[in-house]
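Structure first, commentary second.
Because the structure is a prediction, the values reported are computed rather than measured. Chain A is the first sequence line, chain B the second, and so forth, proteins listed ahead of strands; every chain is numbered from 1.
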There are 2 protein chains.
Amino acid sequence: MDKLICPKFEKAMGLLSQRWTGLILYQLLSGPQRFCTIESSVGVSGRVLSERLKDLENEGIIKREVFPETPVRIEYSLTDKGLALEPLMKELEKWSQNWLEA
Amino acid sequence: MDKLICPKFEKAMGLLSQRWTGLILYQLLSGPQRFCTIESSVGVSGRVLSERLKDLENEGIIKREVFPETPVRIEYSLTDKGLALEPLMKELEKWSQNWLEA
DNA sequence: TAAACTTACTTACATAATGTAACTAACTAA
DNA sequence: TTAGTTAGTTACATTATGTAAGTAAGTTTA
């Protein structure tokens, strides 16, 4: 009777169910951003943000680029795989506007 | 510089970011179901399932109905608010099919 | 020259969330 | 009377997260 749910779907939901991951990806939809920007706009601690960014990079959903300026600039951005989440995010925007109160 | 994200969107993402919540709702898209069915198909423990169902009921996303049969049957089903998540779930299905490996 | 500043982290520790397994309530069947 | 059912709850161990301080590499300031 177990496991009727598609493993790929389960994995996808598992990714988004990690606390902060969804908001981090949503934030990156508006363009490449650096660590401290994500940290303050999303409201996630550096400790967890660091963990999430590594996971997302390992999943191929975001990429990390180093610009050796002064001080060093490191930008995180969505890969094609990450950008492909946009329609889903738009649906969540719609749902939240239609069904949630402020 | 903080908090550029819409509070409604944040709340919606907060709901789906609770572990198991997304899968529970996805499972209920296929129709009303009882506690033990959700428990085994989703793979969540009774302890957490109980907690999630209460939260979702409080949010008006699911409803709980008691049928005084023998033994008692209790069914959980989506409200209109819950059903409205279907397009989002379809997008996640698509994404997972297109971008994830088994 | 040394103290202070910047970003991008990491570490240590406390608290909160989840997993596991046993237990309860209400009722029926054997 | 004993056992079985569903729908939970409880106690306790483990894991995840929050908080705050610390680190590394480099630059600017005093």
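- Within the model, atoms CD1 of A/Ile74 and CZ of A/Phe67 stand 10.0 Å from one another, a figure rounded to the nearest 0.5 Å.
- When the P atom of D/dT9 is taken as reference, atom CD of B/Glu39 falls 12 Å away, rounded to whole Å.
- The pair B/Glu91-B/Lys94 counts as a salt bridge, with a side-chain nitrogen and a carboxylate oxygen less than 4.0 angstrom apart.
- For the pair B/Gln33 (side chain) and B/Gly31 (backbone), a donor-acceptor distance under 3.5 Å is present.
- A donor-acceptor pair is defined here as one N or O able to donate and one able to accept, closer than 3.5 Å; no such pair exists between the side chain of A/Lys81 and the backbone of A/Ile62.
- A side-chain N or O of B/Glu93 and one of B/Tyr26 form a donor-acceptor pair less than 3.5 Å apart.
- Between the side chain of B/Arg52 and the backbone N or O of B/Arg19 there is at least one donor-acceptor pair closer than 3.5 Å.
- In this structure a side-chain-to-backbone donor-acceptor pair under 3.5 Å is missing from B/Ser96 to A/Ala12.
- Contact between the side-chain N/O atoms of A/Tyr76 and the OP1/OP2 oxygens of C/dC9 is found at a separation under 4.0 Å.
- Phosphate contact (OP1/OP2 of C/dT10, side-chain N/O of A/Ser50, threshold under 4.0 Å): present.
- Heavy-atom distances to DNA chain D give each of B/Arg34 and B/Lys54 a nearest nucleotide, and the one nearer the 5′ end belongs to B/Arg34.
- In this structure, B/Gln18 and B/Glu51 have side chains that are not in contact, with every pair of non-hydrogen atoms separated by 4.5 Å or more.
- Counting to the nearest Å, the P atom of D/dA25 and the CD1 atom of A/Ile74 are 13 Å from each other.
- Atom pair A/Glu57:CD and C/dA8:C1' shows a separation of 14 Å (rounding to whole Å applied).
- Taking 4.0 Å as the cut-off between side-chain N and carboxylate O, B/Arg47 and B/Glu39 do not count as a salt-bridged pair.
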Which atom pairs link the protein and nucleotides 17-24 of chain C when you take only N or O atoms and keep those under 3.5 Å?
unit_1: C/dT18; atom_1: OP1; unit_2: B/Arg52; atom_2: NH2; d: 2.8
unit_1: C/dT18; atom_1: OP2; unit_2: B/Arg52; atom_2: NH1; d: 3.4
unit_1: C/dT18; atom_1: OP2; unit_2: B/Arg52; atom_2: NH2; d: 2.8
unit_1: C/dG19; atom_1: OP1; unit_2: B/Trp20; atom_2: NE1; d: 3.2
unit_1: C/dG19; atom_1: OP2; unit_2: B/Trp20; atom_2: NE1; d: 3.3
unit_1: C/dG19; atom_1: O6; unit_2: B/Arg47; atom_2: NE; d: 2.9

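- A straight line from CG of A/Leu49 to P of D/dG18 spans 11 Å, rounded to a whole angstrom.
- Within residues 64-71 of chain A, the residues that have a heavy atom under 4.0 Å from DNA chain C are, in order of number, A/Arg64, A/Pro71.
- Between A/Tyr76 and A/Ile24, the closest side-chain pair of non-hydrogen atoms is not below 4.5 Å.
- Across the helix from C/dT1-D/dA30 to C/dA30-D/dT1, the helix axis at one end is tilted relative to the axis at the other end by 30° (nearest 10 degrees, each axis from five pairs).
- Between the P atom of D/dT6 and the CD1 atom of B/Ile38 lies a distance of 14 Å, rounded to the nearest Å.
- Remark: B/Arg73 engages B/Glu75 in a salt bridge, criterion side-chain N to carboxylate O under 4.0 Å.
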